[in-house]
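For reference, the structure is listed below as structure tokens.
All heavy atoms count here, side chains included; hydrogens, waters and symmetry mates do not.
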Amino acid sequence: MGCVVSTPKDSGGNRRRPGSIGEVSVYVPGLRIPKPVDFVQTLGVYLSKNIVERLSALRTRIVVMAGQEGPTITRTKRKTQHGGSTLADLVQALEDYLPVLLGLVKDGSHLQYKVQFVWVNQEDDKEETTMSNAWYEVLSVLHLMAMLSLSQANLLLLPRSSSNDGHQPKVSEESRRASVDIFLKAAGYLDCAVRHVLPQLPAELRRNLPVDLAEGVLRALSLQALGQGVDIQLGMAIDSTKATLAVKRRLACEMVKCWQQAQDNIMNLPLTNGWGEKHCLFVKWKYVEAKAAAYYYHGLILDEGNTEKSHGMAVAALQAADEYFKESKKLCEAFNAASPLSRNSPPWGTMKYLSEKIPKDTSSKVRINRDLYSHERIMETAPTLPDFALALKPDEYQLPQVDSSWRTENIKVGQTDPNNLKGDK
């Protein structure tokens, strides 16, 4: 049910393509931006003036804020004239809108098919997509809430210079812990979108969704959020004197699983434009980077064994870590060079530590073990990484209750006759 209108990229639409997105700790695919719709014309005959005006006001607020802040919100922590973060304001606007919007789909209401909702796509070659289905609007809102959460995490994880301890930029432990909570919240929005909103759309509409909202992209984004959350946990474990090698290896292996599954979800999708290609490069880079970390810690644990075989496996694992680390640096450069241009924040956390340790420890262990054993006895194939279940889970986000204003809303008599709806399905 509902119709689909897609506008190709050469139609003169207004998709925003910034030349640069600045420093990136967390990659946020281009934010999908809503375009105005006319609730009065489409719903005025069915609903009271009060609720139509409320829907219009809430959505117009989002259209204006997202249109102004969307192109820059990932780059700069801007403030409103009242001192509040524009990022937080836009999230609040979406949270205010969602319970009222859900009244259109309450109990399978035919009103869900009455409004043509229009959003500008970013990762899809189509300029924008219009669908006459309120569940498409709900899906788009959840996607934007998740992307804004990732933007918030990016701002928290950009290193800041401290006036207290010299010039080295750092990310505070408070910011790192807060970012993990935000990653889980973002993953929760996306998980809800996949499990509870996508199934509400007819199969034909699901096939016609822009690639930004394809199930594979939504799942990949959720896994990315989990993967970056695990990365933060690994960085904190590295800083902790209490965390064992086994704990660090487990976290690194979980990170590999997150990024591998993210890559599996998007590798066959048509992410071919600037944003989409950059998204694929980011996932590939982080997957290879995670493998470097996992093989490093796996190698250190294997080297604690007392047998020639364990030492040989350790050398092979560390060599794999070194090769993956070198590959990750090339992929990082390719990611930053892809449009829109970006740059790495000053090194910190897991990769700052491993960029110093992997080359040094690999060279040392290889030299020692090759002095002890003949070259032929050292394994040249990296051992299999251990498989651990993911400990981090998305937050259990549930769609809010329908706004109380709908309790007294009487859909006008005669407008629910199924015979009047054939043209709207």
Those residues at least two apart in sequence (or on a different chain) that pass side chain to side chain contact (heavy atoms under 4.5 Å, CB included) with Gln263 are Val283, Lys284, Tyr287
Residue list, ring pair (Phe, Tyr, Trp, His ring centres under 6.0 Å) with Phe335, at least two apart or on another chain: Tyr27, Phe282, Trp285
Test item: Val194 and Ser222 side chains (from C-beta on) under 4.5 Å apart, heavy atoms: no
Strictly by side-chain hydrogen bond (donor to acceptor under 3.5 Å, both in side chains), give each pair with a member in residues 390-401 just once, sequence neighbours left out. none
Side-chain contact test, heavy atoms from C-beta onward, threshold under 4.5 Å: evaluate it for Glu137 versus Val115 and give yes or no. no
Pairs satisfying ring pair (Phe, Tyr, Trp, His ring centres under 6.0 Å), at least one member in residues 194-227, at least two apart: none
Side-chain atoms of residues 223-237: list all donor-acceptor pairs with protein atoms under 3.5 Å, sequence neighbours left out, distances to 0.1 Å.
from, atom 1, to, atom 2, distance (Å)
Gln224, OE1, His279, NE2, 2.5
Gln228, NE2, Ser25, O, 3.1
Asp231, OD1, Thr350, OG1, 2.9

Taking Leu213 as the fixed residue, which of Glu123, Arg32, Arg206 is the one that meets the side chain to side chain contact (heavy atoms under 4.5 Å, CB included) rule? Arg32
For a quick test of your reading: what N or O donor-acceptor pairs under 3.5 Å do the side chains of residues 177-187 make, sequence neighbours left out?
from, atom 1, to, atom 2, distance (Å)
Arg177, NE, Glu173, OE2, 3.0
Arg177, NH2, Glu173, OE2, 2.7
Ser179, OG, Arg176, O, 2.7

Indicate the atoms forming the closest heavy-atom contact of Gln116 with Val37, along with that distance. O-CG1, 3.0 Å
For the residue pair Asp96 / Gln92, report whether a side-chain donor-acceptor contact shorter than 3.5 Å exists. yes
Leu144 side chain near Val141 side chain, heavy-atom distance below 4.5 Å: no
Can you find a pair of side-chain heavy atoms, one from Leu102 and one from Asp403, that are under 4.5 Å apart? no
